[in-house]
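We count ligands from 1, going down the list as the structure has it; atoms in each ligand are counted the same way. Hydrogens, waters and symmetry mates play no part in the numbers below; they use all other heavy atoms, side chains included. No experiment lies behind these values; they were computed from the predicted model shown. Numbers for residues simply follow the sequence, beginning at 1.
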Amino acid sequence: MQPLIIGGGLAGCAAAIDLARAGLRPCLIERNPDPHDKICGEFLSGEAVAALVGLGVAPLALGAVPITRVELWAGRRQAAARLPFPALSLSRRVLDAALVAKAASSVAEFHHGVTALHIGGGRVRTPGGDLRAAAIMLASGKHDVRGQPRPPGPDQIGLKQYFAAPRLHRELAGTVRVVFFDGGYAGLQPVEGGRLNLCLIADGPLYRDLGGWPALLALLLREPGLAALGEGEALLARPLAIARVPYGHLARPAGDGLWRLGDQAAVIPSFCGDGMGIALTSGRLAAELLAAGAGADRFQAELLARTRRPVGLAMAALRLARFPLGRLAALAGLAAIPGALGLLARLTRVADPNALAPAA
Ligand SMILES: Cc1cc2nc3c(=O)[nH]c(=O)nc-3n(C[C@H](O)[C@H](O)[C@H](O)COP(=O)(O)OP(=O)(O)OC[C@H]3O[C@@H](n4cnc5c(N)ncnc54)[C@H](O)[C@@H]3O)c2cc1C
């Protein structure tokens, strides 16, 4: 029986391409008919870039912009470092379209516009009837499928808007800037097409008290690291939004035979810019292990071994950054200790498989 993949995003397409290469003829269902803008800071870290190239998708050829530097800001305080790995920035619309095209040309069946309504008992319910498969891979990203809920995330909202801001765009060439503020954090970086991507997480109560996006943006523009965006022009009719992302979630072997990939397996805080690396790595690992005859529990244990450290470390950094004194002290430390910020960036990447003992 063909493996069945639910979700044609990064993890699902990565698994599909590698399963097809291994001769396993996967079937993939994706609820959206076409790739579209997605909530994402669009920072592609080193291992994400390497995974894409391994899958036959070359981000630079798609117009990706090199990112070599990271800046952290809290008020006027800053720490900056060269990234310890080559990173890129590319819009999800372009990246997802390229991956979907690659997967569609590789797999036996790619059904666009088909939604999984419920998963349970080795069966996937869709509007067209039930699907069965020997191996079902759940790669539905941020969206939970009925029957397979993840724990609810904190009361926070994620928002993304593109800006045309030529002066700031020049200033940020090659740089990702992360700005921590009271009640959240924002990432700002250039993407292809001369645009800047502003992507942020804000506490739900703050967002609601302010009354929505215009007032939140006005608050953000008071941050020294973001003020120059005020000269810019917003490019999307309205920002994209998502609520209650379950940061810190780590799927464990569940004994139910379901392979959980990407955000369904591990959700790292967004400021790390490694969710895409985890998604691609999980898809490739799942394909490799299924082709080798392994089961879902072995896969989940190995993925957990690779994601536990970066997710745990990022969650600890996030807890510290919530307190004004904590983030000022952390930034002072990162600015004063040579190599500290680069090391933090490296340790929050999905772990190098060669550096880990096999999981039990
Ligand atoms: C605010 C924010 C900023 C971020 N910034 C970054 C960043 O800068 N760098 C980074 O690496 N990561 C970032 N991330 C994380 C990153 O976006 C995700 O980790 C990554 O997209 C997960 O990939 P995935 O394949 O699991 O899911 P996705 O890429 O979201 O794909 C899931 C797919 O499943 C489909 N689907 C959903 N439900 C169903 C269903 N029921 N039936 C069929 N199909 C379905 C969806 O349509 C979608 O195409 C950010 C996340 C947030 C919230």
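Counting only heavy atoms from C-beta outward, the side chains of V267 and V311 never approach each other to under 4.5 Å. Within the 4.5 Å cutoff, side-chain heavy atoms of P59 are placed close to those of V53. Between R195 and L235 there is a side-chain heavy-atom pair separated by less than 4.5 Å. Counting heavy atoms from C-beta on, the side chains of R244 and D155 come closer than 4.5 Å. When side chains are defined from C-beta on, T348 does not count as touching D274, because their heavy atoms never get closer than 4.5 Å.
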Criterion ring pair (Phe, Tyr, Trp, His ring centres under 6.0 Å) on H112 and F110, from CA distance to verdict:
CA-CA 6 Å; H112 299 267; F110 194 136; 4.2 Å; yes
Might you work through the side-chain hydrogen bond (donor to acceptor under 3.5 Å, both in side chains) test for Q189 and S89, ending with a clear yes or no?
CA-CA 8 Å; Q189 66 172 22; S89 169; 3.0 Å; yes
Checking R31 against H143 for the side-chain hydrogen bond (donor to acceptor under 3.5 Å, both in side chains) test, could you report, in this order, the C-alpha distance in whole Å, the side-chain angles of both residues, the deciding distance, and whether it holds?
CA-CA 11 Å; R31 68 178 188 175; H143 306 280; 3.2 Å; yes
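Close approach of ligand 1 to G275 (heavy-atom distance below 4.0 Å) involves ligand atoms 10 (C), 11 (O), 12 (N), 15 (C), 19 (O). In summary, the atoms of ligand 1 found under 4.0 Å from a heavy atom of G262, numbered by their order in the structure, are 26 (O). Applying the 4.0 Å criterion to heavy atoms of G273 picks out, from ligand 1, the atoms 7 (C), 9 (N), 10 (C), 11 (O). Remark: ligand 1 atoms within the under-4.0 Å shell around heavy atoms of N32 are 47 (O). Proximity to C199 (heavy-atom distance under 4.0 Å) selects the following atoms of ligand 1: 1 (C), 2 (C), 3 (C). Less than 4.0 angstrom separates some heavy atom of D274 from each of these atoms of ligand 1: 10 (C), 11 (O).
Other residues, nucleotides and ligands contribute more than 12 heavy atoms inside 6.0 Å of the CZ atom of R150.
Geometrically, ligand 1 and V245 share no nitrogen or oxygen pair separated by less than 3.5 Å. Taking any N or O of E42, backbone or side chain, at least one lies under 3.5 Å from an N or O belonging to ligand 1. Remark: ligand 1 and H36 share no N or O pair separated by less than 3.5 Å (distance only, no angle test). The shortest N or O to N or O distance between I6 and ligand 1 is not under 3.5 Å. Inclusion of S270 in the set of residues having an N or O under 3.5 Å from an N or O of ligand 1 is not warranted. The shortest N/O to N/O separation between V145 and ligand 1 does not fall below 3.5 Å. Considering backbone and side-chain N/O atoms, Q264 never comes within less than 3.5 Å of an N/O atom of ligand 1. In terms of N/O distances under 3.5 Å, ligand 1 is approached by A11.
Using a 4.0 Å cut-off between heavy atoms, A139 contacts ligand 1 through its backbone alone, with no side-chain atom that close. Contacts between S140 and ligand 1, counted as non-hydrogen atom pairs separated by less than 4.0 Å, involve both the backbone and the side chain. With a 4.0 Å cut-off on non-hydrogen atoms, I268 does not touch ligand 1 at all. Within the 4.0 Å heavy-atom criterion, the part of V114 lying near ligand 1 is the backbone and not the side chain.
Atom 34 (O) of ligand 1 has G7 CA, 3.3 Å as its closest protein atom, hydrogens excluded (heavy atom only). Among protein heavy atoms, atom 19 (O) of ligand 1 sits closest to D263 OD1, 2.7 Å. When only non-hydrogen protein atoms are considered, atom 11 (O) of ligand 1 lies nearest to M276 N, 2.8 Å. Protein heavy atom at the shortest distance from atom 31 (O) of ligand 1 is G9 CA, 3.2 Å. At the shortest separation from atom 35 (C) of ligand 1 among protein heavy atoms lies E30 OE1, 3.2 Å. The shortest contact between atom 40 (C) of ligand 1 and any protein heavy atom is with A116 N, 3.7 Å. The closest protein non-hydrogen atom to atom 28 (P) of ligand 1 is K38 NZ, 3.7 Å. The protein heavy-atom contact nearest to atom 4 (C) of ligand 1 is G41 N, 3.3 Å.
H118 and G147 get closest at one heavy-atom pair: NE2-CA, 3.8 Å. Smallest separation of non-hydrogen atoms from A16 and P26: O-CG, 3.6 Å.
Each of F163 and L236 belongs to its own hydrophobic cluster when Ile, Leu, Val, Met, Phe, Trp and Tyr are linked at side-chain heavy-atom distances under 4.5 angstrom. Both L159 and L217 sit in one connected hydrophobic cluster of ILVMFWY residues. Membership requires side-chain heavy atoms under 4.5 Å apart, directly or through other members.
In this structure, R92 is part of the shell of residues with a heavy atom less than 4.0 angstrom from ligand 1.
Looking at L60, L95, V65, L62 one by one, the single match for side-chain contact (heavy atoms from CB on, under 4.5 Å) with L88 turns out to be L60. Shown are R308, E302, R309; of these, the side-chain contact (heavy atoms from CB on, under 4.5 Å) with R306 is made only by E302.
In this comparison of Y247, Y185, F43, the heavy atom closest to atom 8 (O) of ligand 1 sits on F43.
Using modelled atom types, one finds no donor on one side chain facing an acceptor on the other under 3.5 Å when comparing H169 with E171.
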